[in-house]
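By convention in this document, chain letters (A, B, ...) are assigned in the order of the sequence lines, proteins followed by strands, and residues within each chain are numbered from 1.
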Amino acid sequence: MKERKIKNIFLQGAIDPGFIAGSIAKHSTKTDIGGHSIFLGQVRADVIEDKQVSAIEYTAHEEMALARMAEIREDIFAKYPLTCMHVYHSLGSVNAGEICLFVFTSSAHRKAAIDSCEETVERIKAELPVWGKEIFSDNSYQWKENR
Amino acid sequence: MKERKIKNIFLQGAIDPGFIAGSIAKHSTKTDIGGHSIFLGQVRADVIEDKQVSAIEYTAHEEMALARMAEIREDIFAKYPLTCMHVYHSLGSVNAGEICLFVFTSSAHRKAAIDSCEETVERIKAELPVWGKEIFSDNSYQWKENR
Amino acid sequence: MDGLTIQVFGQLTDIVGAASCAVERVDDTESLKTLLFAKYPLLKQKKFMVAVNNRIVKENTPIGEVANIALLPPFSGG
Amino acid sequence: MDGLTIQVFGQLTDIVGAASCAVERVDDTESLKTLLFAKYPLLKQKKFMVAVNNRIVKENTPIGEVANIALLPPFSGG
């Protein structure tokens, strides 16, 4: 197995819009970038059998998730001419309306940024050992299923 | 010709990351949203025959651009199940490393948000009467060409 | 009779030397082009579209009494 | 001989009643599954993958001396 640099992607609780702004602002010194693509996952207040989701509680097999994310990052950088990629995923409780996933890719031209962002989001959803528990307003819950 | 609501998309100068954060934060009350897709155009410090781009000065036929943007918005909303769409484009001078275009789409599910954002960006680049003048550090310039 | 004021954009402003130019009134967009090419020969080498009353016209189009006219070179926004 | 500690995730925690469970040591993942199904019959109805030392294994796989084992139901992150 190759040695990969393992970066933490997990943040406790919701991802603040101010954090996203800070991440964008840091790229102003990288003047070879022409386009950024950002995906944000937001917790929906789905109604399931008359009960409304008020939050999702995320847990992960962190060690496996970070190792797999390092592989995904390596694959994406091999496939697209990216300047950089940043990924953050919430752990713990995230309320409906709050941000739980932040994927951010940058490239000289828009196509690579846009395509790599979408592919990274799909792979994160399919491949990272992360689980969401949908908490209803009456404190009952069900386990989230990705489609 | 149908009556369309004309929204202004033009901002004077660069688009501040704090403005983007504010726009994201406003969506926390829309709890039917599950995914946001954002594209940001950033001014590249391209080097052309030994001269480096230090800024782009944008001008537009504003009335025509806003009317066309209203058509694009209508088409995109007809094609994708979107919760909302926001578009901002700079006018005047934007320095290398600063943001000149901000396209932001939101939907219950990620696919519609991602696809509509990309399509909107492509249409903005192809269809809006906007022009960029690349200013070099020695104050000479050339007119930008989209590819 | 008033003349026409033509708005110009992008690199066409370098040829015209301003963001607009005044020409004598003509009946249609083909006559306008002939007039402009005579006045600004460099325009002939440039790609541009003509907008009459904020609509891009590809065929020869009459220019009415209160027409506003714009010359639009290839777009380069974003 | 020490037993094995099995980490469980997602909806499997509802069946096991905790984020991990302890079982006696077994030689391979098939024996482990047999043991777990006997102890937690509801597990049989659930889809999950087994990870040995942080690698998902699809075939029957030996469980070594210092193995860490995890049961992973379908992912639902993002």
Atom NZ of Lys51(A) with >12 non-hydrogen neighbours under 6.0 angstrom
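Yes, NZ of Lys51(A) has more than 12 neighbouring heavy atoms, counting only those of other groups under 6.0 Å.
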For Asp138(A), does the CG atom sit with more than 12 other heavy atoms under 6.0 Å from it, leaving out its own atoms?
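Above 12, so yes.
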Heavy-atom closest pair, residues His36(A) and Ile99(B):
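Heavy atoms only, the tightest pair is CD2-CD1, 3.9 Å.
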Report the option among [options] that has the most heavy-atom pairs separated by less than 4.5 Å from atoms of chain B.
{"options": "Asp32(A), Val47(A), Asn95(A)", "result": "Asp32(A)"}
{"options": "Lys125(A), His109(A), Glu98(A)", "result": "His109(A)"}
{"options": "Ala25(A), Gly41(A), Gly18(A)", "result": "Ala25(A)"}

Check whether [X] gets within reach of chain A through its side chain, its backbone, both or neither, counting any heavy atom under 4.5 Å.
{"X": "Thr29(B)", "value": "neither"}
{"X": "Ala108(B)", "value": "both"}
{"X": "Asp16(B)", "value": "neither"}

Heavy-atom pairs under 4.5 Å with chain A: which of Val43(B), Ile33(B), Ile20(B) has the most?
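The residue among Val43(B), Ile33(B), Ile20(B) with the greatest pair count is Ile33(B).
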Which of Ser23(B), Gly34(B), Ala45(B) touches chain A most, by non-hydrogen pairs under 4.5 Å
Gly34(B)
[atom2] on [Y] to [atom1] on [X], rounded to 0.5 Å:
{"X": "Thr31(B)", "Y": "Gln42(A)", "atom1": "OG1", "atom2": "CD", "value": "8.0 Å"}
{"X": "Ser106(A)", "Y": "Leu40(B)", "atom1": "OG", "atom2": "CG", "value": "8.5 Å"}
{"X": "Lys30(A)", "Y": "Arg44(B)", "atom1": "NZ", "atom2": "CZ", "value": "16.0 Å"}
{"X": "Ile24(A)", "Y": "Phe19(B)", "atom1": "CD1", "atom2": "CZ", "value": "12.0 Å"}

So which part of Val121(A) gets closer than 4.5 Å to some heavy atom of chain B, the side chain, the backbone, both or neither?
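Just the side chain, heavy atoms under 4.5 Å.
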How far apart are the C-alpha atoms of Glu118(A) and Arg110(B), what are their side-chain angles, what is the distance that settles it, and do they pass the salt bridge (charged side-chain N to carboxylate O under 4.0 Å, His left out) test?
CA-CA 9 Å; Glu118(A) 178 168 15; Arg110(B) 65 187 180 281; over 6 Å; no
